[in-house]
There are 2 protein chains.
Amino acid sequence: MATTPGTHLSDLEIAARTVLKPIAEIAASAGIPEDALEPYGRYKAKVDPALLSAKNTKRGRVVLVSGMSPTPAGEGKTTMVVGLADALAASGTKTMIALREPSVGPSFGMKGGATGGGQSQVLPMDDINLHFTGDFHAITSANNLLMAMVDNHLHHGNKLGIDPRRITFKRVMDMNDRSLRTVVIGLGGPTDGVPRETGFEITAASEVMAVFCLATDLADLRKRLGKMTIGYSYTKEPVTVDDLGAAGALTLLLKGAIKPNLVQSIAGTPAFIHGGPFANIAHGCNSAIATNTARSLADVVVTEAGFGADLGAEKFMDIKARFADCAPNAVVITTTIRALKMHGGVSLEDLGEENLEAVRVGLPNLARHVEIIKKFGIPPVIGINQFTLDTANELKIVTDWAAENGIECATADVWGQGGAGAGELATAVLRALDSPTNFTHLYDLEQSIEEKLLSLVRDVYGGEGVDYSPKALRMLEQIHSNGWDHLPVCVAKTQYSFSDDPQSLGAPTGFRLQIRELIPKTGAGFIVAITGVLTTMPGLPQVPAALRMDVDQAGKAVGLS
Amino acid sequence: MATTPGTHLSDLEIAARTVLKPIAEIAASAGIPEDALEPYGRYKAKVDPALLSAKNTKRGRVVLVSGMSPTPAGEGKTTMVVGLADALAASGTKTMIALREPSVGPSFGMKGGATGGGQSQVLPMDDINLHFTGDFHAITSANNLLMAMVDNHLHHGNKLGIDPRRITFKRVMDMNDRSLRTVVIGLGGPTDGVPRETGFEITAASEVMAVFCLATDLADLRKRLGKMTIGYSYTKEPVTVDDLGAAGALTLLLKGAIKPNLVQSIAGTPAFIHGGPFANIAHGCNSAIATNTARSLADVVVTEAGFGADLGAEKFMDIKARFADCAPNAVVITTTIRALKMHGGVSLEDLGEENLEAVRVGLPNLARHVEIIKKFGIPPVIGINQFTLDTANELKIVTDWAAENGIECATADVWGQGGAGAGELATAVLRALDSPTNFTHLYDLEQSIEEKLLSLVRDVYGGEGVDYSPKALRMLEQIHSNGWDHLPVCVAKTQYSFSDDPQSLGAPTGFRLQIRELIPKTGAGFIVAITGVLTTMPGLPQVPAALRMDVDQAGKAVGLS
């Protein structure tokens, strides 16, 4: 059971004590032929999907792990993915994991990576959390080559007539660096470029990352890169990467990175860890290529979408599954007693005490996430991620409620026991996979952006309507006139609430969503709708985690969590 | 023989037609045990020196390939390294190559990589020229984490009292991006950092790169990183990375990268390609760890230093060899008839015509490079890199002159024939290696910075004296007061002339070196003396090479040269 850090081995210590299998062995167990495998060190490899597809027409079923609205208590969704997959594999189901890659930058800020925890981790944890196979760096390079070419174009006479004040694309860095949020570049005189105000985003927030994760193959990647809008001309026409002639070079920089990365869980379940877009400004799940490559190898693929069902899962259905034909066959909604209590009004400090009433008051949040999944025609499974201090009475409230409502539900101790703690959950998931699905998107692409947003607010978030800022209204007009209405919508809102108010926990109703801005991502193929303030470049805290990090005398990582 | 591009197969085409051996086979031929090998794909691997050293006390001899003062005609030093090494290997000498890694960024600007050419290339050329094993990205990350921590320190109260106007360290990017030369960061209000003017350098120009290439092991790397000066406090005291507590995290980011990368030449000679610092603001050769690891495996290691003997070779002797105990046993001075003619006053357009007089007039440039090498007590070998249009009479002028002066000299057709074209040169090099050496540094560390610079100008460049700008004089005082006089000097001057005037070809005398600035690099362990204008961030040309780059339908690189 997940417990207080400090009293047990740390994730890094557990990881360090695990004897990993050579990656070729993991690949063989997954049915990956040797000629499709490119090892990166002993325990990581890239897999070339082009060398698999000819040999394989399998299309494994997809289990999407989502969650209720996250709380500061931490729900452990990635840990659930790994534990559940290990349990499915142990039950004799040919299973693969597909997860996002963690950013390097943020791990030097607040906390470590996104490789699960306890006995449910993907390994090698320190490699995955540091540079891994360099995919984020390749994406950073591609993005920044594009921007160097844009500013070079301005410098050499600006033949395309790009308006320097209307360049919307930014440079990126895989780093928490608030000082780069707003910068003026091109200073220093006529030989040093054209001065203009711009900024840096973290790599995970970039459109190149979103494109990388939605592309279905190298040709689709190149096409999407070419369609990215970098800004507007003086006549307010969109300027694309293809207008600049840069799509080929960007694709060249990404041709290695686009191959999924194979690693293993502590239990030896094969896992693709590939791509890592944010779940607010982007769609928040691993690459389509990784998901579909895993499906060509395994009978069941366990994957994750960022934040709750209102954000990550919805985007999985309406964006990723639409482009990459990978609709889930079952969705696990990760929940914890702690999170239910927080949605029931308990503060982080008081979570240690049993509070049956708070669990009951928090249930409507979970219930709405369940309803969202049902709306897409997919069977939901509630997975309770058990923590040490959860009481039997608290757990019973959830399991009873699920039973009364006919929803599959199981408790799992994935942190403490790995797959062995998720046997019941695996059984519930297998039952759900055998039940009929009737997958449907929430909206049709032909609907207008306003109709799509209204449908999201009413049918998913549980609100009443949508309000647009004057800026958003101007952008709506621009979207119409550029013919971008047919794109799906990607809402960037707080993950803590169904509404756009992070303080509004539980299952609020009657609210209206305030749209401040609409940003077309014409390469990724969606319109980002921004509510509230969105930071695409995090900062470091007063005492960054980097201060505790080091390398010991044996060359091993110290201080990664 | 090297010839006009376009009439023959391109380097990329030759590379693509080569059947590479699996990297494990190359490693085995080099005597690298399997447990020290970390494959990166099929044809690249990192080698862990810690797993070699215990088993090996060999210290192979070092052949340094230098050159005359470069010209726009291109002298092909890297091609000479590869061809010579292939010839030595073919002669039965256990040989390894040690070269710099190319930057990704510049390859999208003017020209392709630094992997040799024709039949004398290290492969896989496209991988090496793109992200390779991610070392440059790791260095970029480490550098930029440091800067994020510096600006975060300012943001959170600036306990160390760092003067934001006196932060000398910059962020880096492995990109040609002139618009980042001078930037203002930290704009946007109180939550977005402290505004200040700064800039970006290309990764190859960073002190982290220099440190990476001079460190002798992981512990030395950490120590040097900690000693880097990031700027000065309001009381004008130097502020170091150790003051910020960041050395551990930076080392963690570099712990994988610091292992040398193993690849192969077309002929299958094992090659370490590792680290790539500039040869002006830094010392311009591959990592000390790569050179010394190669020496622990091979009898002869062929390596390269940037630019001519006045810059790269001098720095190899006075900086790298001093820190890493790897003095060369012979130095090849690469020369071409074309370069001699340019130093003899011929323009690039007229190089196709025989011009005996111009060759004669250009010889003093070569002669001075020969003298420089002799001054260090190392036997020089002139290697003429033969081009198609060179005439027998032109070549004879050089070989006769060398014979008259008792200098080893051989002509080599490494571009056209690979090692088979460098047999004579290999024999000359082996003779030189058997002749006695009497290695001596040009100056003692105890001498003052002024004395060191005077010695460089008089004994190496052939000038008269040194002039200091008022700014340089102030910096000299600061260097004295901070106790940095004992560091070696790294001169950043034009590579085209012995003087600081790039137009002054041949072998100028009587000039004085104008020192504009002195920049302490306390982690790398040298003082950079800047003459003239030094750009540490290149720009893209009007028509960047990126516009021609792409990926074909088979996923192969197009347009890399």
- Query: Side chain, backbone, both or neither: which part of A:Phe136 has a heavy atom under 4.5 Å from chain B?
  - Reply: neither

- Message: Let's test your reading of the structure: which of A:Thr133, A:Thr191, A:Thr140, A:Asp174 forms the most heavy-atom pairs below 4.5 Å with chain B?
- Response: A:Thr191

- Go through A:Ala249, A:Gly199, A:Ser179 and name the one with the most non-hydrogen pairs under 4.5 angstrom from chain B. A:Ser179

- Message: Once side-chain contact (heavy atoms from CB on, under 4.5 Å) is applied, do any residues pair with B:His137, and if so which ones, sequence neighbours excluded?
- Response: A:His137, A:Ser141, B:His131

- Backbone N or O of B:Gly193 within a donor-acceptor pair of the A:Arg181 side chain at under 3.5 Å? no

- Engaged part of B:Leu244 at the chain A interface, taking heavy atoms whose separation is under 4.5 Å: backbone

- Side chain, backbone, both or neither: which part of A:Leu250 has a heavy atom under 4.5 Å from chain B? neither

- Query: Roughly how far, to the nearest 0.5 Å, is the CG atom of B:Leu180 from the CG atom of A:Leu187?
  - Reply: 10.5 Å

- Item | Heavy-atom side-chain proximity of A:Arg171 to B:Asp177 below 4.5 angstrom | yes

- Query: Which one of B:Ala148, B:Gly189, B:Gly157, B:Gly555 has the most heavy-atom pairs closer than 4.5 Å to chain A?
  - Reply: B:Ala148

Donor-acceptor pairs under 3.5 Å, side chain of residues 219-226 of chain B to any protein atom, not counting sequence neighbours: which ones?
residue	atom	partner	partner atom	Å
B:Asp220	OD2	B:Thr216	N	2.9
B:Asp220	OD2	B:Thr216	OG1	3.2
B:Asp220	OD2	B:Arg224	NE	3.2
B:Arg222	NE	A:Asp550	OD1	2.8
B:Arg222	NE	A:Asp550	OD2	3.2
B:Arg222	NH2	A:Asp550	OD2	2.6
B:Arg224	NH1	B:Gly523	O	3.3
B:Arg224	NH1	B:Ala524	O	2.7

- Most heavy-atom pairs under 4.5 Å with chain B, out of A:Leu547, A:Thr251, A:Leu145, A:Val194, belong to A:Leu145

- Query: In terms of heavy-atom proximity below 4.5 Å to chain A, should B:Val104 be classed as side chain, backbone, both, or neither?
  - Reply: side chain

- Item | A:Asn152 side chain vs B:Pro541 backbone, donor-acceptor pair below 3.5 Å | yes

- Message: Holding to side-chain contact (heavy atoms from CB on, under 4.5 Å), I want the full list of residues that pass it with B:Lys255, two or more places apart in sequence or in another chain.
- Response: A:Asp126, A:Leu130, A:Val551, A:Ala557, B:Leu218, B:Leu252

- B:Met149 versus chain A, heavy atoms under 4.5 Å apart: side chain, backbone, both or neither? both

- Pairwise distance OG1(B:Thr535) to CG(A:Asp192) - rounded to 0.5 angstrom: 8.0 Å

- Task: Could you tell me whether the side chain of B:His155 and the main chain of A:Leu540 form a donor-acceptor pair under 3.5 Å?
- Result: no

- Message: With chain A as the partner, which of B:Ala138, B:Pro544, B:Gly134, B:Ala246 has the greatest number of non-hydrogen pairs under 4.5 Å?
- Response: B:Ala138

- Message: Between B:Met173, B:His153, B:Gln553, B:Met147, who has the most heavy-atom pairs with chain A when the cutoff is under 4.5 Å?
- Response: B:Met173

- Among residues 37-47 of chain A, those lying within the under-4.5 Å heavy-atom range of chain B are A:Leu37, A:Glu38, A:Pro39, A:Tyr40, A:Gly41, A:Arg42, A:Lys44

